[in-house]
Amino acid sequence: MCGIVGIVGKSNVNQALYDALTVLQHRGQDAAGIVTSHDGRLFLRKDNGLVRDVFQQRHMQRLVGHMGIGHVRYPTAGSSTSAEAQPFYVNSPYGITLAHNGNLTNVEQLAKEIYESDLRHVNTNSDSEVLLNVFAHELAQRGKLQPTEEDVFAAVTDVHNRCVGGYAVVAMVTGYGIVGFRDPHGIRPIVFGQRHTDEGVEYMIASESVSLDVLGFTLIRDLAPGEAVYITEDGKLHTRQCATNPSLTPCIFEHVYLARPDSIIDGVSVYKARLRMGEKLAEKILRERPEHDIDVVIPIPDTSRTAALELANHLGVKFREGFVKNRYIGRTFIMPGQAARKKSVRQKLNAIELEFRGKNVMLVDDSIVRGTTCKQIIQMAREAGAKNVYFCSAAPAVRFPNVYGIDMPSAHELIAHNRSTQDVADLIGADWLIYQDLPDLIEAVGGGKIKIDKFDCAVFDGQYVTGDVDEAYLNKIEQARNDASKVKTQAVSAIIDLYNN
C-alpha cells in the first residue's frame, strides 16, 4: 500500500502536504515525494526514505505554490533499492504529475499499448508511470489548449476503460487543478474534504480520513468506486461518476491491518471494525475451547491492540501490555527482504517478563502473513517464562497472494498456503492457534451502521474481484519476483567479493 494526498489551498500548501504525509507514513516507509505548482511551474522533491528524512528546510522552502500532491511509497516488489519515488511527471499535455496507491493487473498490455499506439515512453518499471501515461494520453486526446472539467472526467472514463486493478489516484494538471479518482471496484481507499479559511475554502484529497482530521479538514465523503473529483486551481469542486458499472468491493485487509484505527473508510470506523473482530474471536474461542485456561491476553503492538482488548473483555480475562515497542523501528510487514524482517523483530519489541512468567498467555495479532514475526514473538514469550503460549489472529488464514498493491505476491512466502491450522501452529511454535473465520470478519467490518455487502477478500479466499487473475498470472508474478531476488542476491554477492578481494 501507499499513501496519497492532494491539496488545493489559498496559500502555500508545502507544510500541509508534509504534515499529511507524516500522518500517512504507516502506509509506506520506502520513499516520499511532494510536488507543488506555482505560476505554471512545478517544484518537486522526492527521494527514498521517511518523510522526515526526505524533506529538509531547504527543500520545503523551494516547494512553493497553493496547489500540490504528495506520496509515501512502499515497494510492492519487496525491495527498497528502487529509485522510483513518486509523484511521476510527464510534460505533455500541460505538465501532469501523478501519485498512485494500488496495482494494475494488466500493466504489461498497457505498457505495450503506450509504446506502440500512444507513442509514449515509459522510463521505469512502475505501473504508476504507466497509469500516468494512460491518463495523459487520454487527456491529450481532447485536443484542448485549456482543459475543462468535462475533459478531465472524459479522460478518467477512458482510464477506467483501459486500466484493470486496484488504484486510488491523485494527479495535478499544472496551472489548472487536481483530480482524484478511484477504480470501479473501489479496492483502495480515497476520501476528500474541505476547510474554511479567511481567504476561502480549501480542499484536500487523501488515502485516509485521519489525515484530513489532523489538518483541520472536514470529511465530505469517500470517493465512490469509479468516481472522480476535480478541484480547479481557483477552488471550484466538481465530481462525476466515470465508470459504467461500478461496484463497491473494498479491500478488507485495510481494516485488518493497513489503515490507522482512527480512520473511517467507506463510512466504516476502522476502530469499531477491530473491536467487532475481537468480539468474534472471543465467541469462537468460547465455542471451540469453552474450558480454556487463558490467564492473560497480550496484544502484539500496535494494530492488534483494539481487537485484543475487546477479546479479553468478552472472555473475562485480564488484558495486559506484555511487549514494549521501540517506535524508531519500522513495521516489519512492509520492510523489504526476509532477512531484514527477522533481524528487526527483537530490535522492535521487548517482553515484560512479569506479565509472562508462569502464565498461560494468549497472544493476539491482526494477521499471520509470513509467520516470521509471530514465531519469534512466541519464542520471546517462552523465554520470558510463559507456561503455555496460545495465539490468535484477528484475520483468517492468509493463503493467497495479493495483486492489488500489498506486498504478498508469492504464495510460497505465505505460511498458511496449503497448510492446516495445526501445521501453522506447529511451525510458529504455538500451543494452539485460532484464526478468525472469514464470515465473521466480513460481518465485523461490514456489520456497522454503514452496510458493505461485498469485500475484496482475495488473500483469504483466492477470489479476485477484477476477474482477470488466474493461476498463470500468479505464476508469472512469482517468477518475476524470484528473478528480481536472484539479481539482487548476485549483486550483493558481487559487492562482498569485491570487498573481500
Side-chain angles (χ1 to χ4, degrees), residues 25-26 29 210 255-263 269-286 289 292-335 341-369 371-395 428-436 444:
Q25 186 76 84
H26 62 286
Q29 300 173 0
V210 62
H255 290 273
V256 170
Y257 175 84
L258 303 182
R260 275 182 44 155
D262 43 348
S263 284
S269 164
V270 177
Y271 177 76
K272 287 289 187 67
R274 289 176 183 170
L275 285 176
R276 291 190 289 267
M277 291 177 207
E279 294 176 17
K280 296 295 184 182
L281 267 176
E283 291 169 2
K284 183 174 182 179
I285 290 172
L286 291 174
R289 296 181 179 267
H292 71 80
D293 57 353
I294 302 169
D295 296 316
V296 61
V297 172
I298 294 177
I300 297 173
D302 282 315
T303 44
S304 65
R305 185 174 285 113
T306 307
L309 179 60
E310 199 67 3
L311 181 147
N313 288 338
H314 275 69
L315 290 181
V317 173
K318 290 179 180 178
F319 173 88
R320 291 290 185 269
E321 295 284 353
F323 295 101
V324 176
K325 184 177 181 181
N326 180 348
R327 310 230 171 239
Y328 301 97
I329 299 292
R331 298 175 93 179
T332 55
F333 172 72
I334 61 175
M335 286 185 66
R341 277 186 290 271
K342 287 180 179 179
K343 181 180 178 182
S344 72
V345 175
R346 287 184 180 266
Q347 295 173 334
K348 177 180 176 181
L349 295 177
N350 189 46
I352 302 173
E353 187 175 326
L354 63 88
E355 296 295 354
F356 292 91
R357 193 183 307 118
K359 298 177 182 178
N360 296 320
V361 178
M362 168 60 80
L363 299 180
V364 182
D365 206 353
D366 50 72
S367 58
I368 304 173
V369 181
T372 306
T373 299
C374 58
K375 181 177 182 179
Q376 292 184 67
I377 289 173
I378 289 170
Q379 184 59 37
M380 288 170 65
R382 295 195 188 281
E383 292 171 0
K387 184 165 59 175
N388 288 294
V389 181
Y390 312 132
F391 203 95
C392 66
S393 167
I428 65 175
D431 291 293
W432 49 269
L433 167 66
I434 285 191
Y435 281 109
Q436 185 89 264

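Count residues from 1 along the sequence.
- Between G322 and F356, the closest heavy-atom pair is O-CE1, 3.2 Å.
- Remark: S367 pairs with F253, V256, V369, S393, A395 by the side-chain contact (heavy atoms from CB on, under 4.5 Å) rule, at least two apart or across chains.
- Using a cutoff of 4.0 Å between basic side-chain nitrogens and carboxylate oxygens, D431 and R382 are scored as salt-bridged.
- With sequence neighbours left out, the salt bridge (charged side-chain N to carboxylate O under 4.0 Å, His left out) criterion links K272 to no other residue.
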| task | Begin from the C-alpha positions of Q379 and E383 and carry the test side-chain contact (heavy atoms from CB on, under 4.5 Å) through to its verdict. | result | CA-CA 6 Å; Q379 184 59 37; E383 292 171 0; 3.4 Å; yes
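- In terms of modelled atom types and a separation under 3.5 Å, the side chain of Q436 and the main chain of M277 share a donor-acceptor contact.
- With sequence neighbours excluded, the residues satisfying side chain to side chain donor-acceptor pair (under 3.5 Å) with E353 are R357.
- Pairing each heavy atom of A444 with each of K280, the nearest pair is CB-CG, 4.4 Å.
- In this structure D262 satisfies the side chain to side chain donor-acceptor pair (under 3.5 Å) test together with R260, sequence neighbours excluded.
- Partners of S304 under the side chain to side chain donor-acceptor pair (under 3.5 Å) rule, at least two apart in sequence or in another chain, do not exist in this structure.
- Residues satisfying the side chain to side chain donor-acceptor pair (under 3.5 Å) test with Y435, not counting sequence neighbours, are none.
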| said: Run I377 and F323 through side-chain contact (heavy atoms from CB on, under 4.5 Å) and show every step you take. | reply: CA-CA 9 Å; I377 289 173; F323 295 101; 3.4 Å; yes
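- Residues R289 and I294 have side chains not in contact (no heavy-atom distance under 4.5 Å, counting atoms from C-beta outward).
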| request: Give the intermediate values and the outcome of side-chain contact (heavy atoms from CB on, under 4.5 Å) for residues Y390 and I434. | output: CA-CA 8 Å; Y390 312 132; I434 285 191; over 6 Å; no
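- Under the side-chain contact (heavy atoms from CB on, under 4.5 Å) criterion, A308 pairs with V297, P299, F319, V364, sequence neighbours left out.
- Considering only heavy atoms from C-beta on, T373 stays 4.5 Å or farther from L349 through its side chain.
- Of all heavy-atom pairs spanning A259 and R274, the tightest one is O-NH2, 2.8 Å.
- With sequence neighbours excluded, the residues forming a side-chain contact (heavy atoms from CB on, under 4.5 Å) with C374 are I368, F391, I428, listed by chain and number.
- In plain terms, the two heavy atoms of V317 and H292 that are nearest each other are CG2-CE1, 3.9 Å.
- Judged purely by atom type and a 3.5 angstrom limit, D295 has no side-chain atom pairing as donor or acceptor with the backbone of V361.
- Nearest heavy atoms, E355 versus I298: O-CD1, 4.0 Å.
- Residues passing the salt bridge (charged side-chain N to carboxylate O under 4.0 Å, His left out) test with D302, sequence neighbours excluded: R305, K325, R327.
- At a threshold of 4.5 Å between non-hydrogen side-chain atoms, the residues V270 and V210 do not count as touching.
- The side-chain contact (heavy atoms from CB on, under 4.5 Å) test applied to L354 returns I352, not counting sequence neighbours.
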